[in-house]
Amino acid sequence: MKYAVGIDVGGTNTRVALLNENYDLLEREQFSTDADNPALTMKKINEVITSFGYPVEGIGISCPGPLDLIRGIILTPPNLPGWHSYHLTEELSKITGLPVYLENDANLACLAEAAIGAGKEKAFVQFLTISTGVGAGFCVNKKIYRGSRGFAQEVANSILWKDGPVHGELKKGAIEAIASGTAITGRAINAGLHVAHAGEVYEFARSGNKKAEEIMEDAYEYLSSFLAILYGVLDPDIFVLGGSVALKIPGFIEEIEKRVKEKVYDSLKDNIQIVPAALGEDCGLMGAACLVFQNQGK
């Protein structure tokens with residue numbers, strides 16, 4: 001039996017997991033990320049891996065972007081100020097003595113869904129997570145498509161709405177500023193609604209609140225337009241949606257699929273298949289293990 005380590009580094013916490021080649025998650029440990037000193041987090045990661053006591057093939061790791069995936073460098077993540085320009089794969093490999101493979105979290109989630117999840121029977125799998133932000137990944141024959149510089153599928157700043165909402169450092173009218181859970185909630189709060197998450201905005205809309213209805217309509221309309229564009233560009237076999245907005249708001253995926261079918265060529269309607277992610281919150285860790293096994297020739 002072969003083993004791999006999957007790691008998810010977040011702005012607040014880091015998760016380190018041991019998985020076998022059947023993608024069984026055998027052990028997992030979580031600890032606080034040191035946002036100012038990556039070396040301390042690398043040291044803790046090594047301690048956890050050593051405590052697992054298994055010989056592992058390598059490490060797959062996701063970190064907040066933007067990332068230089070080709071050279072394994074953390075660029076300028078806003079929630080990790082001390083990690084800017086950090087050569088993560090090189091440094092972690094030095095500490096652990098293991099090969100290290102860096103990917104963004106959406107790419108790893110897509111890889112997991114393509115290899116063992118909702119898209120495992122398909123060759124071309126498009127993944128989109130609608131949660132705190134909007135992230136995406138695309139896999140061809142169970143391999144991540146990265147583009148020429150590793151920035152393929154960095155979709156959050158895709159502009160769909162002229163002079164539309166602003167969100168963080170994104171340009172006006174970006175899809176993440178319209179359809180992410182953070183954006184939906186923020187727009188509702190700015191409209192005077194007392195809400196804590198996008199699900200509550202949905203409930204206000206369902207009860208007839210006009211402002212909430214407008215905000216949800218914008219999310220449905222622009223997101224379905226975006227998916228229709230991706231269908232026209234990439235022609236995936238299947239589109240997998242993950243994230244709390246897509247998975248927890250009742251009927252969200254069905255509504256998006258219905259609208260996408262209305263926006264593509266009539267001859268393409270039968271090709272549209274939009275399904276929920278199958279692997280839950282551990283899909284990134286599973287994808288990280290899959291990346292290791294792929295690179296080690298399993």
Side-chain angles (χ1 to χ4, degrees), residues 8 10-11 62-67 69 75-79 103-113 118 125-139 144-147 150-162 164-188 197-199 201-202 215-234 236 238-249 252-253 255-257 259-260 263 274-277 279-281 283-284 287:
D8 176 29
S62 71
C63 286
L67 309 171
L69 296 177
L75 296 177
T76 56
N79 294 330
E103 268 297 346
N104 72 52
D105 52 358
N107 277 351
L108 290 178
C110 182
L111 179 58
E113 291 290 343
V125 178
Q126 174 69 57
F127 175 84
L128 196 69
T129 179
I130 315 295
S131 188
T132 303
V134 173
F138 186 57
C139 282
I144 296 170
Y145 175 75
R146 296 181 177 86
F151 291 106
Q153 296 282 310
E154 289 287 351
V155 303
N157 195 49
S158 299
I159 311 303
L160 297 180
W161 181 351
K162 184 179 180 180
V166 178
H167 179 63
E169 297 181 0
L170 301 172
K171 306 298 184 182
K172 288 182 179 179
I175 187 61
E176 185 172 297
I178 304 166
S180 69
T182 307
I184 291 170
T185 306
R187 292 187 69 203
H197 54 77
V201 183
Y202 165 81
I215 293 167
M216 291 305 303
E217 173 62 23
D218 288 340
Y220 291 133
E221 186 63 14
Y222 285 101
L223 185 62
S224 60
S225 292
F226 185 54
L227 267 65
I229 291 168
L230 289 176
Y231 262 105
V233 173
L234 297 172
I238 194 170
F239 211 119
V240 181
L241 285 187
S244 58
V245 174
L247 299 178
K248 292 184 179 180
I249 291 180
F252 188 92
I253 292 176
E255 180 66 21
I256 295 298
E257 183 178 70
R259 294 187 186 217
V260 171
K263 295 180 178 186
I274 303 174
V275 302
L279 298 176
E281 66 177 15
C283 62

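Throughout, residue positions are numbered sequentially from 1 according to the sequence presented.
The two residues Thr76 and Pro66 come nearest to each other via the heavy atoms OG1-CG, 3.5 Å. Between Ser131 and Gly243, the shortest heavy-atom distance links the atoms CB-CA, 3.9 Å. Contact record, Ala118 with Val275: CB-CG2, 4.0 Å, taken as the closest heavy-atom pair. Heavy atoms only, all atoms of each residue included: Ala177 and Val166 are closest at CB-C, 4.2 Å. Considering every non-hydrogen atom in both Asn107 and Ala136, the closest pair reads OD1-O, 3.6 Å. Across Phe127 and Gly242, no two heavy atoms sit closer than the pair CE1-N, 4.1 Å.
Rounded to the nearest 0.5 angstrom, Ile184 CD1 and Asp218 CG are separated by 9.5 Å. For the atom pair OG of Ser180 and CZ of Arg187, the computed distance is 10.5 Å after rounding to the nearest 0.5 Å. Atom CD of Gln153 sits about 12.5 Å away from atom CZ of Arg146, to the nearest 0.5 Å. Phe252 contributes atom CZ, which lies 10.0 Å from atom CG of Leu247 (distance to the nearest 0.5 angstrom). If you take CG on Leu234 and OH on Tyr145, they are separated by 8.5 Å, rounding to the nearest 0.5 Å. The CG atom of Leu67 lies 8.0 Å from the CZ atom of Phe151; values are rounded to the nearest 0.5 Å.
For the pair Ser62/Leu108, a side-chain contact is recorded, criterion being any heavy-atom separation below 4.5 Å from C-beta on. Residues Glu103 and Leu111 fail the side-chain proximity criterion, which asks for heavy atoms closer than 4.5 Å.
By the side chain to side chain contact (heavy atoms under 4.5 Å, CB included) test, Asn157 pairs with Ile159, Leu170, Lys171, Ala174, sequence neighbours left out.
No donor-acceptor pair closer than 3.5 Å links the side chain of Gln126 to the backbone N or O of Phe239. Side-chain N or O atoms of Thr182 include one that pairs as donor or acceptor with a backbone N or O of Thr132 at under 3.5 Å. A donor-acceptor contact shorter than 3.5 Å is absent between the side chain of Glu113 and the backbone of Ala277.
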Can you list, pair by pair, the side-chain donor-acceptor contacts under 3.5 Å of residues 221-228, counting residues two or more places apart and other chains?
from: Glu221; atom 1: OE1; to: Arg259; atom 2: NH1; distance (Å): 2.8
from: Glu221; atom 1: OE2; to: Lys263; atom 2: NZ; distance (Å): 2.9
from: Ser224; atom 1: OG; to: Tyr220; atom 2: O; distance (Å): 2.8
from: Ser224; atom 1: OG; to: Glu221; atom 2: O; distance (Å): 2.9
from: Ser224; atom 1: OG; to: Lys263; atom 2: NZ; distance (Å): 2.9
from: Ser225; atom 1: OG; to: Glu221; atom 2: O; distance (Å): 3.0
from: Ser225; atom 1: OG; to: Lys263; atom 2: NZ; distance (Å): 2.8

request  = Before giving the answer on side-chain contact (heavy atoms from CB on, under 4.5 Å), spell out for Asp105 and Thr129 the whole-Å C-alpha distance, their side-chain angles and the decisive distance to 0.1 Å.
outcome  = CA-CA 10 Å; Asp105 52 358; Thr129 179; over 6 Å; no
